[in-house]
Amino acid sequence: MTQIKPAVLVARAIFPEVLDKLRQHFDVTSNDGDELWSPQEFAQKLQGKAGVLTTGAERVGPELLAACPELRIAANMAVGYNNFDIAAMTARGVQATNAPDVLTETTADFGFALLMATARRIAESEHYLRAGKWTRWSYDMFAGAEVHGSTLGILGMGRIGQAIARRGALGFGMKVIYHNRSRLDAATEAACQARYVSKDELLQTADHVMLVLPYTPDNHHTIGAADIARMKPTATLINIARGGIVDDAALAQALREQRIAAAGLDVFEGEPKVHPDLLTVPNVVLTPHIASATLPTRLAMAMLAADNLIGYLIEGKALTPLNHPASA
Ligand code: DGY
């Protein structure tokens, strides 16, 4: 007797090997054309589906949950999950999962790359060269900020923050200070060679401020005009966390007025739209949310999301749960 497989939806185009794995267990509907669905189209595609693999961009909130009563799990192939309304999912008995750990080192590499590119003005000087403007050398041409031996301030000291701290302290001899909702235990602080400080002290003393905290409504615009005003005029600001943590309009104005030296941004409020003022200031490096973008890491993220669907719907237990709904 053939068993009916549960139906799952894969919301965006992903690796064929992940689809093959899912097909061993599920009746899979995949978005092979990588279409961007409206919330209504997403709800319509989800009809009759027990699970969905999301990428971090598709919103799973009360309206979608009400429209999709058969949904039992949403598995994000991202560590961030601000696209999920966890309380609403829990209330509806829907399991939420994310994809932690597998992207930690890759994302930390990128955070450091963006810091280096920003502090050492790599993008700005490359544009200058490509535009044919390089006709002579001068002693202060594209002089940037020192990275080695400087003070790195990390806001948000989870797994990725800690991996960045290790790179800074052990690789570049930086003094690392951090601020986090809760202080790390002494052993973890020692392994990262990081010192806990207040947010104010971090902003005032860091040469480079790195944002790695999760987005929640509470930390919307955690870095606004007043916070930027506390930073050193020579400082750089790097955001690899989430759009909305920084007030992008205030940042663009501060960069234009050179109230801080430079910024490196991988994430934006309302992305993929970028605040137009950021596009016209030279002292900012802009990348399109690619901090975890290596193929091995993206594959591992997608596989973990798939394993969460299999774990929960077939074996009864998610691997990396974010909530514990009553029916779980
Ligand atoms: C994450 O995993 O949250 C990243 O931002 C996605 O690339």
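Just follow the structure's listing: the first ligand is 1, and inside any ligand the first atom is 1. Here the structure is a predicted model, which is why all the values come from computation and not from measurement.
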Handout entry: Check: Tyr196 ring centre within less than 6.0 Å of His179 ring centre
Key = yes

Handout entry: Within 6.0 Å of CZ in Phe110, more than 12 heavy atoms from elsewhere
Key = yes

Can you give the donor-acceptor pairs under 3.5 Å from side chains of residues 295-307 to other protein atoms, not counting sequence neighbours?
residue, atom, partner, partner atom, Å
Thr297, OG1, Thr106, OG1, 2.6
Thr297, OG1, Thr294, OG1, 3.1
Arg298, NE, Ser292, OG, 3.0
Arg298, NH2, Ser292, OG, 3.0
Asp307, OD1, Lys21, NZ, 2.7

Side chains of residues 140-156: which donor-acceptor partners sit under 3.5 Å, not counting sequence neighbours?
residue, atom, partner, partner atom, Å
Asp140, OD1, Ser138, OG, 3.4
Ser150, OG, Val147, O, 2.6
Ser150, OG, His208, NE2, 3.4

Practice task
Mark yes or no for whether Lys199, through its side chain, and Thr222, through its backbone, hold a donor-acceptor pair below 3.5 Å.
Solution key: yes

Problem - For ligand 1, the residues whose heavy atoms come within less than 4.0 Å (ordered by chain, then number) - result: Ala78, Val79, Gly80, Leu103, Arg242, His289, Ser292, Arg298, Met301

Exercise for the section: Could you note down all residue pairs passing side chain to side chain donor-acceptor pair (under 3.5 Å) where residues 58-69 supplies at least one of them, sequence neighbours left out? Expected result: Thr55-Glu58

